[in-house]
K.L.:
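Structure incoming, see below.
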Amino acid sequence: AEGGDAAVVSVSLYRHANGRSKNTGIVVLSSPEIALQAIREVTGTEMKLAPSDSRYTRDPEPPSKKITILPRKREIGVLLSHFPPGTVDDIAALRLSRKHNE
């Protein structure tokens with residue numbers, strides 16, 4: 001999100017025992033407004049491996065992956081409560097994550 005790292009409170013990445021990414025993590029942002037902006041900016045973004053990544057191969061070039069934001073059920077209600085009804089319907093419609101819902 002715009003505003004850089006000052007908006008990020010913490011980041012947790014999940015890894016397998018061998019250190020490889022599980023392609024999931026948690027980002028805690030400093031305000032509901034920044035969280036909403038980040039969700040909107042990142043959802044659907046295409047990512048590709050960097051050439052410096054050990055999994056990168058030029059032949060064939062690795063496919064891109066879309067980033068999908070999956071808000072946790074226990075936090076989505078709190079996030080949505082900060083905004084007037086009807087202004088965050090796009091966020092309310094996101095598929096809610098079942099994983100890591102404690």
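In this chain, residues are counted from 1 in sequence order. Hydrogens, waters and symmetry mates play no part in the numbers below; they use all other heavy atoms, side chains included.
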K.L.:
Just to verify, what does Asn18 make a side chain to side chain contact (heavy atoms under 4.5 Å, CB included) with, not counting sequence neighbours?
P.N.:
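Side chain to side chain contact (heavy atoms under 4.5 Å, CB included) list for Asn18, sorted by chain: His16, Arg20.
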K.L.:
Heavy atoms only: give me the nearest Leu29-Ala35 pair and the separation to one decimal.
P.N.:
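The pair with the smallest heavy-atom distance is CD1-CA, 3.5 Å.
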K.L.:
Output all residues satisfying side chain to side chain contact (heavy atoms under 4.5 Å, CB included) with Val11, sequence neighbours left out; order by chain, then residue number.
P.N.:
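Checked Val11 against side chain to side chain contact (heavy atoms under 4.5 Å, CB included); matches are Val8, Leu13, Val27.
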K.L.:
Look up atom CG in Leu36 and atom CD1 in Ile91, then write down how far apart they are to the nearest 0.5 Å.
P.N.:
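Going from CG on Leu36 over to CD1 on Ile91, the span is 5.0 Å.
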K.L.:
With a 4.5 Å limit on heavy-atom distance, are the side chains of Leu79 and Ile39 in contact?
P.N.:
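The answer is yes; the side chains approach within 4.5 Å.
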K.L.:
Do the side chains of Val78 and Val9 join up, straight or via other hydrophobic residues, at under 4.5 Å, putting them in one cluster?
P.N.:
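No, no single cluster joins them.
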K.L.:
Just verifying a value: how many Å separate Ser12 OG and Arg15 CZ, rounded to the nearest 0.5 Å?
P.N.:
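Going from the OG atom of Ser12 to the CZ atom of Arg15 covers 11.5 Å.
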